[in-house]
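Input: a single structure, listed below in structure tokens.
Just so you know, these numbers come straight off a predicted model, no measurement behind them. Start at 1 and go down the list; that is how both ligands and their atoms are numbered. Because only heavy atoms are used, hydrogens play no part in the values below, and waters and symmetry mates are left out as well, while side chains stay in.
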Amino acid sequence: MTDDAEARCGDGADAGSEGDTNTAAGSEDDTNTAAGGEDDADADAGGEVDGDREANADQGPTPETSRAWDEYYRGDEWEREAGIAGTAGMAEMAGRFIDMVEPADFASVGCGPAAAEFELAERYPEVEFYGFDRSPAIVEDDRREADARGLDNVQFAVDALPRLETDRRFDVVYAVGMLYWVREIEDAIVDLYTHVREGGQLVVNYPNRYLHYEVLDEESDADRDVAPLVRDAENLMTFDEVGRLLGSKPRSYYTLVGAEDHRELKWPIVVVEKRG
Ligand SMILES: C[S@@+](CC[C@H](N)C(=O)[O-])C[C@H]1O[C@@H](n2cnc3c(N)ncnc32)[C@H](O)[C@@H]1O
């Protein structure tokens with residue numbers, strides 16, 4: 001993996017916990033015991049995916065970062081398996097989650113090269129997979145890859161947060177390693193949740209203050225510049241804030257899928273069920 005790719009896609013190998021704080025983003029206070037893992041235990045799709053939303057592609061409130069992604073995918077420095085989804089047992093964890101909830105469909109938002117989604121689509125032919133990304137370049141490439149693999153249970157479309165244009169709902173909506181580039185993070189998380197069918201599950205990873213410190217600690221400006229919103233603490237969230245926003249208590253994804261060894265404070269992934 002190139003340095004650039006690693007900087008962009010990170011290394012999810014040891015990522016993860018919901019153990020961030022309920023204090024203001026960037027605060028030194030680390031007193032949210034609830035988020036430390038103790039409460040983990042509580043912690044209309046169909047048919048073809050809608051056509052690409054060119055109007056929603058590569059423009060909007062954070063055009064500078066999304067354009068950078070599209071340019072990145074138009075280059076030749078990225079590798080499908082080198083992104084977050086291709087590392088760190090992300091496909092393995094998602095597979096365990098699918099085994100638990102047995103969804104009819106699974107939507108990945110900000111899917112990028114979709115390494116995990118391809119692996120899962122091969123493993124679960126009965127599940128319909130949908131990948132959405134703001135970058136037209138990666139969506140085109142993902143479609144070619146799906147054809148090359150002969151997969152007919154995975155489809156891709158250009159679409160973007162903070163407000164997806166698709167009106168479909170899914171049993172699982174999964175957004176990992178992508179909210180770092182979304183300024184309107186609260187709107188985006190609410191929008192993701194609206195795309196979960198009743199009884200379904202949102203799996204979401206969000207930037208927190210631990211990741212912010214990690215970005216500040218990067219050695220070069222170039223590395224710090226990869227995630228400018230996180231660097232500038234403009235879109236940081238906490239476990240409790242996600243719960244308040246959605247009116248439902250999150251649970252730790254890592255705990256649910258039995259992957260405690262993947263926890264790290266800077267990389268929270270939570271599950272929020274959609275109740276009727
Ligand atoms: C780190 S990459 C790929 C993450 C992928 N989910 C994974 O696990 O490997 C982040 C992706 O988010 C996409 N992205 C950034 N902002 C977005 C937005 N507002 N809406 C949808 N996708 C976005 C980028 O185009 C990029 O493909």
N/O donor-acceptor pair under 3.5 Å between Tyr206 side chain and Phe239 backbone: yes

Geometric N/O contact Val182 with ligand 1, under 3.5 angstrom: no

Sidechain-backbone polar pair: Asp171 side chain, Gly200 backbone, donor-acceptor under 3.5 Å: no

Asp159 contact mode with ligand 1 (heavy-atom cut-off under 4.0 Å): backbone

Arg183/Glu234 salt bridge by N-O under 4.0 Å criterion: yes

side-chain contact (heavy atoms from CB on, under 4.5 Å), paired with Phe132, selected from Asp159, Val139, Leu161: Asp159

Charged N-O contact under 4.0 Å between Asp142 and Arg80: yes

The one among Ser135, Gly112, Gly110 that brings a heavy atom closest to atom 4 (C) of ligand 1: Gly110

Ligand-residue contact atoms, ligand 1 with Gly177, heavy atoms, under 4.0 Å: 1 (C), 2 (S), 4 (C), 10 (C)

Carboxylate-amine/guanidinium proximity below 4.0 Å for Arg96 and Asp99: no

Lys/Arg N to Asp/Glu carboxylate O, Arg144 vs Asp147, below 4.0 Å: no

Heteroatom distance test (Val176, ligand 1): nitrogen or oxygen, under 3.5 angstrom: yes

Test side chain to side chain donor-acceptor pair (under 3.5 Å) applied to Asp105 and Arg168, Arg169, Arg197, the passing residue: Arg197

Within-cut-off N or O pair, Asp133 and ligand 1, under 3.5 Å: yes

Nearest-option assignment for atom 15 (C) of ligand 1, heavy atoms, candidates Tyr72, Phe132, Trp181: Trp181

Within-shell test, Leu161 vs ligand 1, heavy atom, strictly < 4.0 Å: yes

For ligand 1, the portion of Ala115 having any non-hydrogen atom under 4.0 Å away: neither

Part of Tyr73 within contact of ligand 1 (heavy atoms, under 4.0 Å): side chain

Numbering as shown, the atoms of ligand 1 that approach Ala160 to under 4.0 Å (heavy-atom distance): 20 (N), 21 (C)

Winner among Glu117, Met178, Arg183 once heavy atoms are compared against atom 17 (C) of ligand 1: Met178

